[in-house]
Protein chains: 2
Amino acid sequence: MPGDTDHLSEIHLEIGSRLARQDHRYTTGRRHLVSVLAQAGQPMTLPDIVTADPDLAQSSVYRNLDVLVRSGVIRRISAGGDHTHFELAEPLLGHHHHLICISCGGIEDIHLDSEVEMLVDQSLTDIASRSGFTPIHHSLDLHGHCADC
Amino acid sequence: MPGDTDHLSEIHLEIGSRLARQDHRYTTGRRHLVSVLAQAGQPMTLPDIVTADPDLAQSSVYRNLDVLVRSGVIRRISAGGDHTHFELAEPLLGHHHHLICISCGGIEDIHLDSEVEMLVDQSLTDIASRSGFTPIHHSLDLHGHCADC
DNA sequence: CAATATTTGGGAATGAGTGTCATTCGCAAG
DNA sequence: CTTGCGAATGACACTCATTCCCAAATATTG
Ligand SMILES: [Mn+2]
Ligand SMILES: [Mn+2]
Ligand SMILES: [Zn+2]
Ligand SMILES: [Zn+2]
């Protein structure tokens with residue numbers, strides 16, 4: 001896959017500067033964690049992550065996921081299974097949504113037509129303003145059974 | 001509020017027959033649980049439920065929520081807070097979506113224009129069929145800060 | 001009123017996620 | 001290249017939402 005290495009370096013650069021801006025260090029452990037998530041290309045649970053890179057310590061991964069979520073670099077996804085899923089945040093991956101398999105718990109990224117996307121966003125903005133609600137982001141998931149289940 | 005009593009009886013009737021169909025009993029505890037959820041008019045957590053009706057035993061509420069979810073009468077909502085939320089299922093409440101407050105964890109029901117709703121559903125159906133995914137239902141949430149936070 | 005199957009509820013157990021703290025690391029200044 | 005110091009690490013203890021367990025209570029059938 002040509003281009004992959006470059007893309008990963010770009011991601012590391014971007015994340016490094018975001019962390020620096022908040023007086024956090026971009027350590028080897030954090031870099032490895034980000035690499036695992038970037039290479040997976042789909043949301044991962046903690047077991048997924050430490051399986052992919054067994055050198056990572058569970059407690060450090062949990063702590064670093066938290067740091068990176070608070071830095072806006074990683075996004076937390078609560079899909080209802082035993083484990084929370086994590087993926088790179090939208091500034092890095094772009095806005096998108098998910099197919100969630102209610103059998104195996106797997107999650108896959110999907111992209112809506114921008115026309116539909118804008119309509120949804122407009123509708124939600126209208127509704128929110130009517131309730132005095134301040135919107136931050138929306139989530140749209142399709143729940144069902146994946147091809148394997 | 002005229003009509004409320006009737007509406008609640010209808011709900012109990014409907015749920016009773018659904019449970020009977022699956023060889024479950026509609027006991028007093030289950031009836032009380034359903035009444036609490038029906039009267040709240042918004043998704044509730046377990047603490048919300050046992051606070052609203054302190055006669056309900058925690059372990060029984062958890063068990064009955066599970067039975068009722070499996071019977072298609074109650075819907076489980078994983079919003080990312082400490083506690084899972086529960087509400088009456090869509091056959092009883094109608095299809096709708098949620099405003100989720102990331103400060104206090106509160107959830108409020110919202111309804112989209114049916115035009116937008118149909119577009120979203122069509123888009124998701126198309127995407128799903130392309131991946132061999134079998135859709136069951138979608139969820140669309142707006143995350144942000146509620147009027148109180 | 002049995003006989004039988006389901007449900008209840010108090011408390012124990014489970015396990016995902018968080019907190020602790022002594023040790024290690026990363027960075028900047030000299 | 002050292003040294004100094006705040007940030008980060010990782011093994012392990014701990015928390016607490018949820019599930020499990022099982023003897024007692026309750027509903028259903030006849
Ligand atoms: Mn969207
Ligand atoms: Mn919808
Ligand atoms: Zn699956
Ligand atoms: Zn709020």
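In what follows, chains are A, B, ... by sequence order, proteins preceding strands, each numbered from 1.
Distance, B:H32 NE2 to C:dT7 P: 17 Å, rounded to whole Å. Atom CZ in B:R25 sits roughly 14 Å away from atom P in C:dT4 (whole-Å rounding). Atom CZ of B:R70 is separated from atom P of C:dT7 by 11 Å (rounded to the nearest Å).
Looking only at atom types and distance, the side chain of A:S17 has a donor-acceptor partner in the side chain of A:R21 under 3.5 Å away. Counting only N and O atoms by type, the side chains of A:D48 and A:T51 include no donor and acceptor under 3.5 Å apart.
Two rings, from A:H143 and A:H98, have their centers 6.0 Å or more apart.
Identified under the ring pair (Phe, Tyr, Trp, His ring centres under 6.0 Å) test for residues 13-54 of chain B, with sequence neighbours left out: B:H12-B:Y26.
Screening A:L112, A:L119, A:L140 for a side chain to side chain contact (heavy atoms under 4.5 Å, CB included) with B:V120, the sole residue that qualifies is A:L140. Applying the side chain to side chain contact (heavy atoms under 4.5 Å, CB included) test between B:V61 and each of B:D53, B:D66, B:L46 identifies B:L46 as the sole match.
Between the side chain of B:S131 and the backbone N or O of B:I127 there is at least one donor-acceptor pair closer than 3.5 Å. Side-chain N or O atoms of B:R76 include none that pairs as donor or acceptor with a backbone N or O of B:H85 at under 3.5 Å.
In the 5' to 3' direction, nucleotides of DNA chain D lying under 4.0 Å from heavy atoms of chain B begin and end at D:dA17 to D:dT28.
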Practice task
At under 4.0 Å between heavy atoms, which parts of nucleotides 8-22 of chain C does protein reach? Answer with one letter per nucleotide, 5' to 3': B base, S sugar-phosphate only, - none.
Solution key: BBBB----SBBB---
